[in-house]
Amino acid sequence: MATGTALGGHRGPTLRHGGARGPSDTLTVVNQPPINQSRRIVTDLPGPRSKELDTRRTAAVAPGVSSVFPLYIERGEGAILVDVDGNSLIDLGSGIAVASIGHAAPEVVAAVREQIGRFSHTCFMVSPYEGYVAVCEELNARTPGDHEKRSALFNSGAEAVENAVKIARLATGRQAVVVVDHAYHGRTNLTMALTAKNMPYKDRFGPFAPEVYRVATSYPFRDGLDGAEAAARTIAQIETTVGRHNVAALLIEPIQGEGGFIVPARGFLAALSAWCTDAGTLFIADEIQTGFCRTGEWFATEHEGFVPDLVTTAKGIAAGLPLAGVTGPAAIMDAVHEGGLGGTYGGNPVAAAAALAAIEVMRRDDLAGRARTIGAIARTRLDALALETPSIGEVRGRGAMIGIEFVEPGTTVPHAAAVKQVIAACAAQGVLVISCGTFGNVIRLLPPLSISEALLDDGLSVLESAIRDLQA
Ligand SMILES: Cc1ncc(COP(=O)(O)O)c(C=O)c1O
């Protein structure tokens, strides 16, 4: 694998100020030394400064917002996060599939600094600017299908999903939205309704938005169905419980993220897409977690051989700045009346500049190819480990989106305790991995696509030994 050209020894400029600041204080730009792309633990974890910050946090931050690791981050570069105690941690989660081009990529740092020095806000609905238009052009060109498209930009994934539903309802004149088991689409009121899992996302936060219907998905490890069988089951449920003429949109993640990195059986999504076309329903591909090279293609639906109607994007699009999009055929997007879509910050100029820089890095460094290489390396090791580990039920995924589902040995009973144990053991060694799954029993790997082979190997070795220790 090509090793991190995007990591190569850049200096992330940072602003530092000292003492009390008044209007005349100047901020000094200091160049920090590059962060060595290796793991290094110099204190107990969490270290004393992280502990101090955690005490302040407990007094100041609403506990409903929780964190997986109590390690407070001071800097990041490439695939390494450095905490406030000076520990260098390998990030195998990319802040949930966001830092795909690596932390503090110099191209993004430069683009953001340049843009924020010119202007940081006008509100595109008041005074437009080129960056917004250019991001829409990129989305139109890169999402599946070569038909004429339009895009609209928003702040978060949930907001993009909400807007995709608005567009689908208006364009079809129908109201029902069909979602599937294990789906995750966000935490706003409509997207809570669209999301499947109750705890922690929905519990006691209702009532939820109406006209949302949930049907079965394809989960080969648990349902044993091939794509055609699973699609027939799903379509029959829609037809009988909702009625095809009522469905505005079928909304689905091409690989389910929070729900457990569930890769549907081959043909499932294409069959649903064909049914949507026949029923006059829009197929909305939620590519928020899978998009932007993560699965080895620019978008995960490209693996499936069909073109979705609407595509929602966020996360990896802008290297950590808040940006999201909805992209669809001109005929559908043009149906919405003038002023019907928007928001104060959607497509913010600084986030747009970051996105354009990030997309250029993905293209230049062929990060989709890197994702395939990362996937091949990780799968070779994890598939071998699975053969000797009875508590691994399945290793699955595409490209650099890899899930390891844990079960009680010899059964398919979910084993969430194993996941907790492995994550804690990895964190203690300075490797950050995160979980997912309706049953909390899946470890998901989402490394920055720019990670070097050496760092990936080190991270995987720590993960392997944590999993082996389960049996010990
Ligand atoms: C598939 C999918 N859709 C929507 C969302 C919601 O995105 P956000 O957290 O930016 O609102 C997520 C976030 O994890 C996601 O994975």
Side-chain angles (χ1 to χ4, degrees), residues 64-68 93-100 143 152-168 177-197 200-202 205 208-209 212 214 217 249-264 269 283-295 299-301 304 308 310-327 343 345-348 351 354-355 358 397-403 434-438 440 442 444-446:
V65 185
S66 60
S67 302
V68 182
S94 300
I96 319 190
V98 171
S100 293
T143 50
L153 304 182
F154 305 97
N155 300 298
S156 67
E159 209 188 333
V161 171
E162 292 243 5
N163 279 278
V165 170
K166 280 166 64 174
I167 294 163
V177 179
V178 173
V179 287
V180 298
D181 289 336
H182 309 289
Y184 183 88
H185 299 293
R187 294 168 177 263
T188 58
N189 185 266
L190 174 58
T191 57
M192 276 192 294
L194 301 168
T195 288
K197 188 173 175 177
Y201 308 126
K202 301 168 70 163
F205 293 145
F208 303 114
V212 172
R214 192 169 309 284
T217 189
L250 169 66
L251 166 67
I252 191 163
E253 303 151 83
I255 296 176
Q256 293 189 285
E258 305 299 305
F261 275 34
I262 305 165
V263 184
L269 293 174
F283 186 110
I284 307 176
D286 182 344
E287 292 259 16
I288 285 165
Q289 192 154 161
T290 50
F292 287 100
C293 302
R294 174 56 55 190
T295 68
F299 293 94
T301 37
E304 305 285 346
L310 299 180
V311 178
T312 56
T313 48
K315 287 190 181 286
I317 187 175
L321 276 87
L323 190 73
V326 179
T327 303
Y345 297 112
N348 168 273
R398 286 213 172 100
M401 182 170 184
I402 301 160
I434 52 180
S435 68
C436 62
T438 301
V442 179
R444 55 171 147 179
L445 299 181
L446 293 161

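We use all heavy atoms of the structure for the numbers below, so side chains are in, but hydrogens, waters and symmetry mates are not. Both counts, for ligands and for their atoms, begin at 1 and track the order of listing. Each residue takes its place number in the sequence, starting with 1. Only a predicted model underlies this, so the values are computations on that prediction, with no experimental measurement involved.
With a 4.0 Å heavy-atom cut-off, ligand 1 is reached by no atom of Glu159. Counting heavy atoms under 4.0 Å from ligand 1, residue Ala158 touches it through both backbone and side chain.
Here the protein heavy atom with the shortest distance to atom 16 (O) of ligand 1 is Gln289 NE2, 2.9 Å. The nearest protein atom to atom 7 (O) of ligand 1, hydrogens excluded, is given as Gly157 CA, 3.3 Å; this is a heavy-atom distance.
For ligand 1, the polar-atom distance check against Lys315 finds a nitrogen or oxygen pair separated by under 3.5 Å. Close N/O approach between Glu253 and ligand 1 is not found [any backbone or side-chain N/O within under 3.5 Å]. For ligand 1, the polar-atom distance check finds no N/O of Val161 at less than 3.5 Å from any of the ligand's N/O atoms.
The shortest side-chain heavy-atom distance between Met401 and Ile255 falls under the 4.5 Å cut-off. Proximity of Leu310 to Thr327: side-chain heavy atoms (C-beta onward) are nowhere separated by under 4.5 Å. For the pair Ile96 and Glu258, the minimum side-chain heavy-atom distance is below 4.5 Å. Considering only heavy atoms from C-beta on, Ile288 comes within 4.5 Å of Val161 through its side chain. Residues Phe208 and Leu194 are not in side-chain contact: their nearest non-hydrogen atoms beyond the backbone lie 4.5 Å or more apart. Residues Leu250 and Ile284 form no side-chain contact, since every pair of their non-hydrogen atoms from C-beta on lies 4.5 Å or further apart.
Protein non-hydrogen atoms do reach within 4.0 Å of atom 3 (N) of ligand 1.
Atoms of ligand 1 found under 4.0 Å from any heavy atom of Glu258 (numbered from 1 in listed order, with element): 14 (O). Short contacts between ligand 1 and Asp286, defined as distances under 4.0 Å to a heavy atom of the residue, involve ligand atoms 1 (C), 2 (C), 3 (N), 4 (C). Set against the non-hydrogen atoms of Ile288, the atoms of ligand 1 under 4.0 Å away are 2 (C), 3 (N), 4 (C), 5 (C), 12 (C), 15 (C). Every atom of ligand 1 with a heavy atom of Ser156 under 4.0 Å away is listed here by number and element: 10 (O), 11 (O).
A donor atom on one side chain and an acceptor atom on the other are found under 3.5 Å apart for Thr301 and Glu287. Between the side chains of Arg444 and Ser435, no donor-acceptor pair of N or O atoms lies under 3.5 Å.
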